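Have a look at the structure below, then the notes.
In the text below, chain A, chain B and the rest are named by the order of the sequence lines, each starting its count at 1. Nothing here was measured: the structure is a model prediction, and the numbers come from that model.
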Number of protein chains: 2
Amino acid sequence: MKPTIYDVAKRAGVGIGTVSRVLNNSSQITPETKTRVLHAIRELKYQPHAMARGLARNKTHMMAIILPSFTGYFYLELLRGIQQEITKYQYDMVLYNVDNPDRTDLFLQRTLRERRVDGVLLVSLPISEKYKERYLRAGFPIVLVDNMHDELDSVSVENEQGAYLATTHLIKQGHSRVGMIDAQLKSIPAQIRLNGYKKALKDNHVPFVESYLVISDTNTDKDGFNRQAGYDAMKQMLGLPDRPTAVFISSDVQAAGALRALQESGLKTPQDMAIVGFDDIELAQYLGLTTIHQPLFEMGRTAVEHLIHMIGNHETERLNRCFSTHLVIRDSCGAKQLLNN
Amino acid sequence: MKPTIYDVAKRAGVGIGTVSRVLNNSSQITPETKTRVLHAIRELKYQPHAMARGLARNKTHMMAIILPSFTGYFYLELLRGIQQEITKYQYDMVLYNVDNPDRTDLFLQRTLRERRVDGVLLVSLPISEKYKERYLRAGFPIVLVDNMHDELDSVSVENEQGAYLATTHLIKQGHSRVGMIDAQLKSIPAQIRLNGYKKALKDNHVPFVESYLVISDTNTDKDGFNRQAGYDAMKQMLGLPDRPTAVFISSDVQAAGALRALQESGLKTPQDMAIVGFDDIELAQYLGLTTIHQPLFEMGRTAVEHLIHMIGNHETERLNRCFSTHLVIRDSCGAKQLLNN
DNA sequence: GGAAGTTCTGGAAGCGCTTCCAATGTTTCC
DNA sequence: GGAAACATTGGAAGCGCTTCCAGAACTTCC
């Protein structure tokens, strides 16, 4: 059987309290005693039982990461950032994968009640009024990532500014018919990106044309942030009279589908249709896609850092960090060719 | 404060033992009593404390997934399979990300001693002799994924057969100078894939040419399974006298780099150089890369299923499941064009 | 020299559960 | 009618830790 703290105490000829104190290097202990205990620990290859410790302390040293089905480039990068910071603080991460956003509450309930984790990172998922209240009331640490909230801590990205950047860039390339392919508007980022698009049009005195905004509803998986939706939307856009010569697409995955549609129709990018995506996922490099970069790694790091701070200190100032985006110019927007001239 | 089992017991007018039994629906309990307890539970919104339960049962209902820096398409798909199965069994997954394979032991030690998890899935990482012994001795459930072992349970893929398939396919397309771009040979899969390649050459009476095997050592990140290594290797291959007209590349990420190199050199795929990759990561679709598909999702599922079985039953028969691969024909090998004729 | 601190240490109590044992009530069977 | 078997329940003990309290061993100070 695994050695317990009692075995260590006996071996070192001290009390269990002393062993515990050495383990948590709390209060002053004679260097000599400490060495003895440390010796015994090493000899027995003792390591504290995580559950027992958790129960006694009411702290688990784990945090939950709740995110939508994480099979996306987007989340990989975010997870990398989270990972790095979490390791630094010697925390463990428990991953909860939500395939249906409506079921988010289920996980929020579990994490709150079961007390398996010390805090929660809720990624790209909305929190219901009910659970917002519960978390606040319980003072249970939670940080929203890729999401904003008036009453909760959050780390997000300036979606509007990003969309604005993308659209403005296309207009600056000389396009006057600039369309947008968006995801389902029930998604908050989709809404905000649309706002940015509209604002850019307005600021540049380009009229907003209703039919130039295409949202495919053939495939609403992941709120329309998927390849097929982008493909379908582009097909639809190509059928438009006086179709746009440039399009801002609300995500890179959709853009990948759109590019495919263009290719199939024998159209060239950027000559026949200039494109700017959003997210700067790894794929964008391969496709030569001009896109909006979000500092995902940094966001992950920041979120974890703040969450751990919240776990340690009961009263912390609320954090609502909003990272800004930047444009990454590749081949799909036509700006590079211009540079070469 | 959160309600405990005592609160529930008091409210329902029963003993804590009874509540516990209802919770674990063990032994017989009068339906009437059961209803009363269930009522009390609902009224108090009671949920058992995971740590306390874990301590008492010596079971955590969590499993560790130890994998190399998981920022790869490869692991996403695997994780999806793991995820699905784990959810089915109501387990939680704790992710441990190992950036340096040499540090694997550190995590193996923690999981074994801290008893934070009931079992371990060790993905794509070698296990040292020392820890193999320890795990066996402790009877601690562990399943290797994407790895084989004589004495431990494992779920892997037929790398040799896959490489054989790929190489044979290229030869069948009429190529007589078929090269291979491999990763670092210290990686076991890289070795085995090389074997498959050689075997295919031999079986088809194509001589093995030493210089046609290119392994870039400019970038050995992830044992050479990276984009840059593929790019460099292809550049090198293009400089060869009587260079190959077809190449089997040991991973899709490397193939992506190789394609880039070809493109830069103004060469066309598959006309000037036919290519078959390995892994069938999502990117392969976008690139039109012919490749070897591994049933990653299924592997993840199987591994979890077996691990849970091991956790439940002390003595289980050893599982050494080896999934077979299949060829996915896309544009990069030239077979499609043939079909069209 | 002894009261009053100070420093270090031992171990009981308690964290919230499961599980075992004993107790009580109920039925069955001769 | 009573012994034996069975069904149901209550609650103590124990899982392995932390923490608090009290005691022991030294110092310090008048």
At less than 4.0 Å, is any side-chain N or O atom of B:S20 found next to OP1 or OP2 of C:dC17? Yes or no.
no
Respond yes when some side-chain nitrogen or oxygen of A:T33 is under 4.0 Å from OP1 or OP2 of C:dT9, and no when none is.
yes
Over all strands shown, is A:I29 touching base, sugar-phosphate only, or nothing at heavy-atom distances under 4.0 angstrom?
sugar-phosphate
Taking B:E85 first and then B:K88, would you say they form a salt bridge - that is, a charged N and a carboxylate O separated by under 4.0 Å?
yes
Nearest-Å distance, CG (B:N24) to C1' (C:dT18)?
7 Å
Between A:R11 and A:D7, does any side-chain N to carboxylate O distance fall below 4.0 Å?
no
C:dG10 OP1/OP2 closer than 4.0 Å to side-chain N/O of A:T18
yes
Pair A:E32 + A:R36: basic N to acidic O under 4.0 Å
yes
What distance do B:I308 atom CD1 and B:N313 atom CG have between them, rounded to the nearest 0.5 Å?
11.5 Å
Expressed as a whole number of angstroms, how long is the span from B:R113:CZ to D:dG16:C1'?
16 Å
Between C:dG16 (P) and A:R116 (CZ): distance, integer Å:
16 Å
Below 4.0 Å: OP1/OP2 of C:dG16 and any side-chain N or O of B:R53
no
Let me know, please, whether B:E32 or B:L55 comes out on the 5' side of the other along DNA chain D by nearest nucleotide.
B:E32
Nearest whole Å is fine: how far is C:dG16 C1' from B:L44 CG?
15 Å
Under 4.0 Å: is that the gap between some side-chain N or O of B:Y46 and OP1 or OP2 of C:dC17?
yes
So, A:D92 and B:R110, do they make that salt bridge, N to O below 4.0 Å?
yes
Checking contacts here: which listed nucleotide (D:dA12, D:dT18, C:dG10) is nearest the side-chain heavy atoms of A:V14?
C:dG10
Side-chain N or O of A:T30 versus OP1/OP2 of C:dT9: is the shortest distance under 4.0 Å?
yes
Indicate, with a heavy-atom threshold strictly under 4.0 Å, whether A:T4 touches base, sugar-phosphate, or nothing.
sugar-phosphate
The side chain of A:H49 is closest to which nucleotide in this list: C:dC17, D:dG16, D:dT18?
D:dG16
Taking for each residue the nucleotide of DNA chain C bearing the nearest heavy atom, is the 5' side occupied by A:G17 or by B:M51?
A:G17
Nearest-Å distance for atom pair CG/P, residues B:N58 and D:dC15:
11 Å
Rounded to the nearest Å, what distance is computed from the CD1 atom of residue A:I5 to the P atom of nucleotide C:dG10?
12 Å
Could you give the OH-to-P distance, from A:Y6 to C:dG10, as a whole number of Å?
13 Å
Measure up the A:F107 and A:Y96 rings against each other and bin them: parallel (under 30°), tilted (30 to 60°), perpendicular (over 60°).
tilted
How many whole angstroms separate atom CD1 of A:I16 from atom C1' of C:dG10?
8 Å
So if I take every side-chain heavy atom of A:R21 and compare against D:dC20, D:dT18, D:dG10, which nucleotide ends up nearest?
D:dC20
